[in-house]
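Every chain is numbered from 1, with letters handed out A, B, ... down the list of sequences.
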Amino acid sequence: MGSSCLWNGTLSPDEFNTAATALAKRWKETDSTLPEWIWIPCQRMGVSSSNVEGYLALEKVYRHRGSEEDKADDNCSVDEELVDDDATLVCGNNDDLHAYDFHIVYSYSYRVPILYFRGYRSDGHPLSLDEIVMDLPPHSSNTLKESKWTFLTQEEHPYLNRPWYMLHPCGISDWMKLLLVDGVSNEGSKTPQYLPAWLSVIGQAVGLRIPLELHQKP
Amino acid sequence: MEMCSDEAVKYVWEGAIPLQIHLHESEVTTLPPPSPILILGPRLGYLPLLVPIIKAHFSSTLPPGTDTVWFDYKGLPLKWSIPTGVLFDLLCAEPERPWNLTVHFRGGHPGDILSPCEGEDSVKWSYINSLKEAAYIINGNCKNVMNMSQADQYDLWQSVLKGNLDGYIKISSRLKLGPFRDDSLVRPASSPAQHQQQATAEHEPTGSGKPCRIPVRLYVRNIGDDLDDLEDAPIIDSWERISYINRPFEIHKEEGGYLTLEQAVKSLLPEIFDFKPPFEDTRELKSKESPDSSLTDAEIVDTSKSVEEEQASSVAESEVHPPNRLKIKLIRVQGIELESDIPFYWVANNLKSTEFFLHMCVFLTGPTKHAKMR
C-alpha cells in the first residue's frame, strides 16, 4: 500500500468490508436512538462471492415531518411553495410518520461507498420525490433544485434490482482525501475512520443524524 | 488483428432492431384498435428516445391524461437506461424480428421496478452520469467529462441521439477515454479469477503498477439445463432472473500473450468460475488466503433472517445451481455471438456502447431448479 500522502481517498473492496464492520461496531457502542447498521451479505447466481460481498443497512429510521432537529421552519417554507391551501399544511403533524431505509453500498466503479435510500409511509407506501424533498435538510433541497440530475436521482440498487434514491458519488474520493489524509498518520487507522467521516458528510445531506461519539478516536 | 477497427465500429453504429410496437390494450379507445407501429430502434439508442415518433402514431386514439411512457416485452417492464440493442440481445435468446413490444402512455407505470423517465432529459442525464462513471473507471477521475463545455456536451448528446458517428468521434476523442492499448495486456499467471482477486487487493493506483480498468456491464442469465435450442429458453418474466454486474474489468500490465474474451468474462464472475472448494468451505478458505480481511465469522453480524428476506427480492439466487454445474453457453455483444478466444481488448474497443461501457450478455446453461443455497 502506498504512503498516506499518495492515498487517493478510495477504498478497496476488502477495506470497505473492514470499514463496514468497524462502523457497525462503533455505532452499536454509541447511545444512538437509531437502529443498528446491519451487514447484509449478498449472493450472485446462487453463491456468495469469494470476496465476501454485501452492504450495510440501517432500516426503519422514523421521521416526523417537521420534527427534524435541523430547522423545521425551513421545511415548512418548502411546503408553502408546493401547497396552495394552508389548511393542508402538515408540518408537525404526528400522524405523518415517514420511515427511511439507508444502505451503504460499495461502488466498484468509484471505489467509494455510495448511499442509497428509500422513504415510505407507515403503511409501506413509497414517498414521492416531493415528499422526500420536504424531509431533506434545506441545503439539500436547494442543491436538488439547482442540480436536478447530478445530486440525487433514482438509480438501480446494485443488489436489489430496483430503483432507490442515490447520492451521486462523483467527487467523494476527493473530499474523503481532504477529510482523512491530514488527520490520519498511518494507513491502519484510515479504514476504520473512513465511514464515520464519510457519514458525517453524506448523513448531513439526507438529514441522518450521526452520534457525536462516532467521531471520537477508539 | 488490429486493435481498433473503424469498420466494426461503423457496423455497430448502424445496427438497429426492427421493432413492432403495440399500444397496450387498456389504452385502446378505438375500434378497430390502432395498428402497431413498425420502427427501427438503433442498437445504441434508448427506447424513450423513440417516443415522439411512436406517440404521433397512436395519439389520435389515446385516452385523455398525462404521459408516463414505458415499454414492456411479454409483461416485463423494460429498463429505459439500458441501450435498446442490449435489451434485445438479453431478452430475446432467439432473436425475434420484428421485436414485439408494448407501449404504455397512461399509467400503470411500475415505479417499484422502473426509475421514472421524463423523456429525453432523463435519458440524457442517465447517459452523462454513465459516461462520468466510465471516465472515473478509466482515468480515476471524471474531470474530462465534468469540464466539457456546454456546447461539447450538447454536441456529444446530439451525436448519440442522431447516431452521428463522425460527430461522436470528434467530441468523444477529446475525453481521452481509450482506446485500450495492447501494452496493458496480460496473460493471467494462474486462473483469471485468482488474478482478479489479486488485482483488487493490490489496486492502490500509485505509480507505475496502475492497472488498466475497463468499464463493463454484465448481464447474466441462466437459460436452463442442456438446452439445445435457444428458442426454448424460458421467458424472462422478472428482472430478478437476471444477474446484473456492474464491475470494471481490471488488467495488470504484464508481458506477452493476450487476454481472451472467455478469460475476461470468467474473471468477472469469480463467484461462478473460481469455484474450488465445496460451497460450505468458501469462507474458511477465504480467511486463510487473506488474513488481512477483517470480516471474520465472529464479526459478521448475524443476519440470516434478513438475508432470507432479501433473497425474495434479490438477484436470481433461487433460480440457479451451484456454479460448478454452470457453463457459458454464449456471450453476446452488440448482437454478435462472439468466439470465446477473441482478444478481449478488441471487444472492449470496438463493441463498446456510446457511454464507453461494454455491455455483455452472458447466457449460462445449468439446472434452473434447485433448493436455495445457504
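- Most heavy-atom pairs under 4.5 Å with chain A: of the set P116(B), S126(B), S81(B), G111(B), this distinction falls to P116(B).
- When H168(A), R118(A), H157(A) are compared by the number of non-hydrogen pairs under 4.5 Å with chain B, H168(A) comes out ahead.
- Taking each heavy atom of Q154(A) and S115(B) in turn, the nearest pair found is O-OG, 3.6 Å.
- Heavy-atom minimum distance, I113(B) versus P163(A): O-CD, 3.3 Å.
- Aromatic ring pairs are classed by plane angle as parallel below 30°, tilted from 30° to 60° and perpendicular above 60°; the pair W125(B) and W149(A) is parallel.
- Heavy atoms of K124(B) lying under 4.5 Å from chain A are absent altogether.
- Remark: side-chain polar atoms of R111(A) are not paired, donor with acceptor, to backbone N or O of G140(B) under 3.5 angstrom.
- Note: E156(A) CD to N246(B) CG = 9.5 Å, rounded to the nearest 0.5 Å.
- Shortest non-hydrogen contact noted between N161(A) and I242(B) is ND2-O, 3.7 Å.
- Using a 4.5 Å cut-off between heavy atoms, I128(B) makes no contact with chain A at all.
- Taken from OH in Y110(A) to CG in N141(B), the straight-line distance is 10.5 Å, to the nearest 0.5 Å.
- We find the OG-OH distance between S107(A) and Y136(B) to be 8.5 Å, quoted to the nearest 0.5 Å.
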